[in-house]
Amino acid sequence: MIAAIPLPVLVIGPDDRIRATNPPLERLLGTGLIGKHHITALRQPGIIDAIAAVRSTGISAKVRFVTRDHEKDTFYQVVIALSDADVVLSFEDQSAAEDVGKMRRDFVANVSHELRTPLTALLGFIETLTGAARDDPAARARFLGIMAHEANRMTRLVNDLLSLSRVEEDERVRPREQVELTGLLAAAIKGLEPQAAAADVTVRLETQVEHLSVPGDAGQLRQVFGNLIENGIKYGAAGKELVVTLHAPAHHLRLRGQGVQISVADQGDGIAPHHIARLTERFYRVDSHRSREVGGTGLGLAIVKHIVNRHRGRLLIESELGKGTLVSVLLPVESLS
Ligand code: ADP
């Protein structure tokens, strides 16, 4: 019967020896346990004491059990129950829940840290303006400028956090509209013209097809290309070109079907290979100082990745130090099922 249970299960007989195990338990604690004393197999005092307590009181118990291999600890919640004269243990892997808990704590710590820096600056300037610089119009004008800059930074962060949570919420809902990509890319570029001009980057759109519609959410796709083009402007090189290309539809192995590639190629400093896989993590930045200086929140690519996932697409980042970065989005052109 226990062979049919997917959780690791261990049965200890009245003589304290192991009477039965199932394959998941053997993967956890090893084979050849039948007939051995349970202390030999379990070895952790917490669980051994709990087995004795369950046997004497008849009341079920839950305990934590940790296994260690070279890479990491795995946490199990073990339910110990009496069944006639046998003690039955079932092990439930809690690592996923622990990982989620850790991610949540890290996220809160990151957000707090990101907000604390501009808030500290604002409070410092308020103090100076109400004190030492109260009657100094030149200082007042300068400090108010910096305060506006810091407040804008907080607004961008809050907006990106809201976007991220909205995008995560409907990640499993397939988009149903048809979105025309040439117009969408042209609009995204137009919206960033002032920023491109200020950074002295020329943005050029190359289209290999006239009109191409894909199933998607127009607002979200606009955000994807807005974020990627904005990154190309922020991290590209002054005086150089940023090329946005809408490729002709083709069969893409990565999509296992027909898809379209949209790529954004800059000629900036590029990104070292070991950073690339982590860029879509929230708040991951290659150079935090530079990101903050150009108004980055560290959330842009995390938002992009979620939206691309929702569209069943792929995000590819290729880069070479000193040459530039090519970020591509592959989107399926056929209806999403
Ligand atoms: P940010 O708001 O910091 O720009 P993103 O999530 O958009 O956040 O990007 C994460 C990090 O990836 C950036 O801080 C930057 O270090 C790096 N990055 C993104 N795009 C580029 C690019 N085109 N060239 C070089 N580095 C980039």
Side-chain angles (χ1 to χ4, degrees), residues 103 106-107 110-111 113-118 149-168 171 185 188-189 191-192 195-196 198-205 220-245 261-310 313-329:
M103 271 171 62
D106 287 351
F107 184 63
N110 275 323
V111 172
H113 176 77
E114 295 291 332
L115 283 172
R116 194 165 53 193
T117 317
H149 179 80
E150 296 296 336
N152 282 329
R153 177 134 76 103
M154 289 196 284
T155 308
R156 271 196 308 276
L157 178 64
V158 171
N159 286 342
D160 276 359
L161 285 168
L162 286 174
S163 284
L164 191 61
S165 93
R166 250 186 318 240
V167 167
E168 279 181 332
E171 190 165 339
L185 290 172
I189 293 172
L192 288 164
Q195 227 169 307
D200 190 21
V201 172
T202 317
V203 187
R204 183 158 58 85
L205 175 62
Q220 288 192 339
L221 289 181
R222 172 75 192 263
Q223 191 167 13
V224 164
F225 299 113
N227 285 0
L228 297 182
I229 297 166
E230 196 178 344
N231 278 352
I233 295 170
K234 288 190 305 195
Y235 306 107
K240 295 275 170 65
E241 229 183 17
L242 178 72
V243 184
V244 181
T245 312
Q261 177 176 358
I262 303 100
S263 54
V264 180
D266 68 54
Q267 300 178 44
D269 296 338
I271 306 162
H274 64 279
H275 291 297
I276 290 185
R278 301 197 56 192
L279 294 180
T280 55
E281 289 175 20
R282 299 153 171 192
F283 297 115
Y284 189 87
R285 293 149 158 145
V286 175
D287 177 345
S288 308
H289 181 72
R290 170 140 190 223
S291 157
R292 291 204 180 89
E293 212 170 54
V294 293
T297 59
L299 295 173
L301 288 177
I303 295 172
V304 166
K305 192 185 96 186
H306 281 288
I307 297 178
V308 171
N309 283 348
R310 180 183 177 210
R314 291 279 181 281
L315 174 71
L316 311 169
I317 304 175
E318 296 158 67
S319 191
E320 201 175 323
L321 279 177
K323 294 227 162 125
T325 303
L326 175 76
V327 184
S328 303
V329 173

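Please read these numbers as outputs of a predicted model, since none were measured by experiment. Indexing begins at 1, ligand by ligand and atom by atom, following the structure's order.
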Q.
Please list, in number order, the atoms of ligand 1 under 4.0 Å from a heavy atom of Ser291.
A. 1 (P), 3 (O), 14 (O)
Q.
Counting only heavy atoms closer than 4.0 Å, does ligand 1 sit against the backbone of Leu299, its side chain, both, or neither?
A. backbone
**Q.** Asp266, Asp160, Asn231: member with heavy atom nearest to atom 23 (N) of ligand 1
**A.** Asp266
Q.
Using side-chain heavy atoms (C-beta onward) and a distance below 4.5 Å, is Asn110 in contact with Arg282?
A. no
Q. How far apart are the closest heavy atoms of Ser319 and Gly270, and which atoms are they?
A. OG-CA, 3.2 Å
Q) How far is atom 12 (O) of ligand 1 from its nearest protein heavy atom, and which residue and atom is that? A) Leu279 CD2, 3.4 Å
(Q) Do Leu301 and Asn227 make a side-chain contact, defined as non-hydrogen atoms from C-beta onward lying under 4.5 Å apart? (A) no
Q | Smallest separation among heavy atoms of Gln261 and Ser328, with atom names | A | NE2-OG, 3.1 Å
Q: Compare all side-chain heavy atoms of Lys240 with those of Asp266 and state whether any distance is below 4.5 angstrom.
A: no
Q: Please indicate whether any nitrogen or oxygen in Ile271 is less than 3.5 Å from any nitrogen or oxygen in ligand 1.
A: no
Q) Does His275 approach ligand 1 within less than 4.0 angstrom via side chain, backbone, both or neither, non-hydrogen atoms only? A) neither
Q. If you count the atoms of ligand 1 from 1 in the order shown, which ones are under 4.0 Å from a heavy atom of Leu301?
A. 5 (P), 6 (O), 7 (O), 9 (O), 19 (C)
Q: Under the salt bridge (charged side-chain N to carboxylate O under 4.0 Å, His left out) rule, what do Glu150 and Arg153 come out as? Steps first, then yes or no, please.
A: CA-CA 5 Å; Glu150 296 296 336; Arg153 177 134 76 103; 3.1 Å; yes
Q: Pull out every atom of ligand 1 sitting under 4.0 Å from any heavy atom of Gly298, numbered as shown with elements.
A: 1 (P), 2 (O), 3 (O), 6 (O), 8 (O)
Q: Report the C-alpha separation of Glu171 and Asn309 in whole Å, then their side-chain angles, then the decisive distance to 0.1 Å, and conclude whether the side chain to side chain contact (heavy atoms under 4.5 Å, CB included) test is met.
A: CA-CA 7 Å; Glu171 190 165 339; Asn309 283 348; 3.3 Å; yes
Q: Please could you name the atoms of ligand 1 that Lys234 approaches to less than 4.0 Å, counting only its heavy atoms?
A: 1 (P), 2 (O), 4 (O)
Q.
Are the side chains of His306 and Gln220 in contact, using a 4.5 Å heavy-atom criterion?
A. no
Q | Top protein contact for atom 16 (O) of ligand 1, by heavy-atom distance | A | Val286 N, 3.1 Å
Q. Quick one: nearest non-hydrogen protein atom to atom 4 (O) of ligand 1, plus distance?
A. Tyr235 OH, 2.7 Å
Q: Note the single closest protein heavy atom to atom 10 (C) of ligand 1, along with its residue, its atom name and the distance in Å.
A: Tyr284 O, 3.4 Å
